[in-house]
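Only a predicted model underlies this, so the values are computations on that prediction, with no experimental measurement involved. So you know, we letter chains A, B, ... as the sequences are listed, proteins then strands, and number each from 1.
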Number of protein chains: 2
Amino acid sequence: MFHALADSTRRDIIGRVLRAEQSVSELARRYEMSFAAVQKHVAVLERAALVRKQRRGREQIVHGNADTLRKAARLLDRYEQLWRHRAQAISDILSEDSGKSEKRTDK
Amino acid sequence: MFHALADSTRRDIIGRVLRAEQSVSELARRYEMSFAAVQKHVAVLERAALVRKQRRGREQIVHGNADTLRKAARLLDRYEQLWRHRAQAISDILSEDSGKSEKRTDK
DNA sequence: CTGATCTACAACCACATGGTTGTACGTTAG
DNA sequence: CTAACGTACAACCATGTGGTTGTAGATCAG
């Protein structure tokens, strides 16, 4: 999934379909590259469950999948929280170290 | 930056140094691959500002950079929010469409 | 000083990736 | 029906990527 997000064209596509769902060919028109290239990008995003497709006549409408985005954001949040926890522990140790007389925050 | 996060080894490294900062060679010992490979991964993470290095004697201590992680999480949050806004607009339109008599939420 | 350790980096290789063009097939318009 | 459109997919190519080994510079231990 992070791999799918790693390409700027794909992130741009996500942004577009989040603002307004569009068919694959509508999307393709926005970029310099060929239709096939865009179609591939959409396929990658679809495999990563970042977007879904829905047939409408001969068109394939692309729209975003919020759940997956939320999942990604949560994971990064967890990383960040982990870091904050760690940073707290460090500063606890430091203050304990420099001011021996102070009370420990303990656990 | 998403590119840096796209590799599972690198995500694992982030997890480790977030839990406890370590030297490059300490990190390298945890993985099957060569030291040079791990060193490259760390370099990628450093270029993406996801970790920082700090010399200590002949060792290079790796530790995480919370700001960048927060930045990434925020971006995904924005995406998700965009989507929620969009979803709300859709459901507004649908309810307006199916129940003509209902009041518009308007704007 | 000498040897071991930690790091950095270059050179190389196999393979994945992002792009292309071409073909095929279902659907809509006239 | 026929032509145009929207899509999917295969084949191909250039480049990037993750891995390797080898070399070299710093720093520490004795």
Minimum-distance nucleotide to Gln60(B) side chain [options: dA8(C), dC6(C), dT7(D)] | dA8(C)
Rounded to whole Å, the CZ-P distance (Arg55(A) to dG6(D)) equals 12 Å
Starting at CZ of Arg47(B) and ending at P of dG16(D), how long is that distance when rounded to a whole Å?
-> 13 Å
Does Phe35(B) or Lys40(A) map to a spot on DNA chain C nearer the 5' end, using the closest nucleotide for each?
-> Phe35(B)
Interatomic distance, Leu5(A) CG vs dG18(C) P [rounded to whole Å] = 13 Å
Out of dT7(C), dT20(C), dA11(C), which nucleotide sits closest to the side chain of Ser34(A)?
-> dT20(C)
More 5' along DNA chain D: Ala37(B) or His3(B), using each one's nearest nucleotide?
-> His3(B)
Test side chain to side chain contact (heavy atoms under 4.5 Å, CB included), reference Arg10(B), set Val51(B), Val44(B), Leu50(B), output is Val44(B)
Indicate, with a heavy-atom threshold strictly under 4.0 Å, whether Gln39(A) touches base, sugar-phosphate, or nothing.
-> base
Electrostatic pair Lys71(A):Asp67(A) at N-O distance under 4.0 angstrom | no
Rounded to the nearest angstrom, tell me the gap between atom CD in Gln54(A) and atom C1' in dG6(D).
-> 16 Å
Using atom CG of Leu45(B) as one end and atom P of dT17(D) as the other, report the distance to the nearest whole Å.
-> 14 Å
Is the side chain of Glu46(A) donor-acceptor paired with the backbone N or O of Arg52(A) at a distance under 3.5 Å, no angle test?
-> no
Give a yes or no on whether Ile61(B) and Leu18(B) share a hydrophobic cluster (residues Ile, Leu, Val, Met, Phe, Trp, Tyr; joining criterion: side-chain heavy atoms under 4.5 Å apart).
-> no
Rounded to whole angstrom units, what separation is found between the CZ atom of Arg58(B) and the C1' atom of dT5(C)?
-> 4 Å
Residue Asp7(A), side-chain atoms from C-beta onward, closest of dG18(C), dT17(D), dA8(D) = dG18(C)
Any side-chain N or O of Lys53(B) less than 4.0 Å from the OP1 or OP2 oxygen of dA8(C)?
-> yes
So what does Ser25(A) hit on the nucleic acid, given a heavy-atom distance under 4.0 Å: a base, only sugar-phosphate, or nothing?
-> sugar-phosphate
Do you know the tightest heavy-atom contact between Val38(A) and Val24(A)?
-> CG1-O, 4.3 Å
Looking for any heavy atom pair under 4.0 Å, which part of the strands does Ala36(A) touch: base, sugar-phosphate only, or nothing?
-> base
Write down the distance between CD (Glu32(B)) and P (dT20(D)), rounded to a whole number of angstrom.
-> 10 Å
Glu59(A), nearest nucleotide to its side chain (from dG19(D), dT7(D), dG19(C)) = dT7(D)
At under 4.0 Å between heavy atoms, what does Arg56(B) touch on the DNA or RNA strands: base, sugar-phosphate, or nothing?
-> nothing
Would you check if Arg30(B) and Asp12(B) make a side-chain contact, meaning some heavy-atom pair closer than 4.5 Å?
-> no
Would you mind classifying the nucleic acid contact of Arg10(B) as base, sugar-phosphate or nothing, using non-hydrogen atoms under 4.0 angstrom?
-> sugar-phosphate
Between dT5(C) (P) and Leu27(B) (CG): distance, integer Å = 19 Å
The nucleotide from dG18(C), dG18(D), dC6(C) with an atom nearest the side chain of Arg29(B) is dC6(C)
Do the side-chain N or O atoms of His41(A) get closer than 4.0 angstrom to the phosphate oxygens (OP1, OP2) of dT17(C)?
-> no
